[in-house]
Amino acid sequence: MRNVFRCALPLAALACFAGAPAANADVVRVATVVAENQADFDNNAALVPTFVALLKKAPVVKASYSGTDAGKLTIVTTSVWGAESDIKSVTDTAEWKAAAGKLKYKTYTAEVLQVVP
């Protein structure tokens, strides 16, 4: 029984230490918009600078990248945030919602991924 406690205590400490960086790690948000047709893609591609500007002016965004793929009718924004809770502080604003409301798409996905050091 004593051996169990002797092993359990260091393992518990290691688990706490290993879990701590993940709680404070950055997150990456990847938003992908696939248009139904070329006209919708052109509309969405024209909105990319708007999303870039909104991300750049947000103090909680550490970095942002965007891209388009005309062949796949896709636009994408990728952004790095200090915490997942910061994302809503930008995406819930009236400006963001107004821009997002202009998107025309077949599919829209936004994923938030934990950065692993």
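If you're wondering where the values come from, they're calculated on a predicted model, not measured in any experiment.
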Is the shortest heavy-atom distance from the side chain of Trp96 to the side chain of Leu55 under 4.5 Å?
yes
Output for pair (Thr32 OG1, Glu111 CD), nearest 0.5 Å, gives 7.5 Å
Val90 with Val28, same ILVMFWY side-chain cluster at under 4.5 Å
no
Heavy-atom nearest pair, Val48 first then Ser66, reads CG1-OG, 3.6 Å
Does some side-chain heavy atom of Val33 sit less than 4.5 Å from a side-chain heavy atom of Phe41?
no
Steps toward side-chain contact (heavy atoms from CB on, under 4.5 Å) verdict (Trp81, Val112)
CA-CA 10 Å; Trp81 307 72; Val112 177; over 6 Å; no
Leu113 side, atom CG; Glu84 side, atom CD - distance, nearest 0.5 Å:
9.5 Å
Do Val52 and Thr77 have side chains that approach each other closer than 4.5 Å (heavy atoms only, starting at C-beta)?
no
Between Tyr65 and Val34, is there a shared hydrophobic cluster once you connect ILVMFWY residues whose side-chain heavy atoms come closer than 4.5 Å?
no
From Leu47 CG over to Asp42 CG, what is the distance, rounded to the nearest 0.5 angstrom?
11.0 Å
Using the rule that two of Ile, Leu, Val, Met, Phe, Trp, Tyr join whenever any of their side-chain heavy atoms come within less than 4.5 Å, decide whether Leu54 and Val60 are in one cluster.
yes
State, to 0.1 Å, how close Asp26 and Gly82 come at their nearest heavy-atom pair, and which atoms those are.
OD1-CA, 3.7 Å
How long is the gap from CG on Asp92 to CD1 on Ile87, to the nearest 0.5 Å?
10.5 Å
Rounded to the nearest 0.5 Å, how far apart are OG1 of Thr74 and NZ of Lys106?
8.0 Å
Are the side chains of Arg29 and Thr91 in contact, using a 4.5 Å heavy-atom criterion?
yes
In sequence, state the C-alpha distance, the side-chain angles, and the governing distance for Asn44 and Tyr108, and then conclude on side-chain contact (heavy atoms from CB on, under 4.5 Å).
CA-CA 12 Å; Asn44 296 344; Tyr108 169 85; over 6 Å; no
State the CG-CD1 distance between Asp69 and Ile75, to the nearest 0.5 angstrom.
11.5 Å
Quick one: do Lys56 and Val61 satisfy side-chain contact (heavy atoms from CB on, under 4.5 Å)? Show the steps, please.
CA-CA 7 Å; Lys56 282 187 177 183; Val61 177; over 6 Å; no
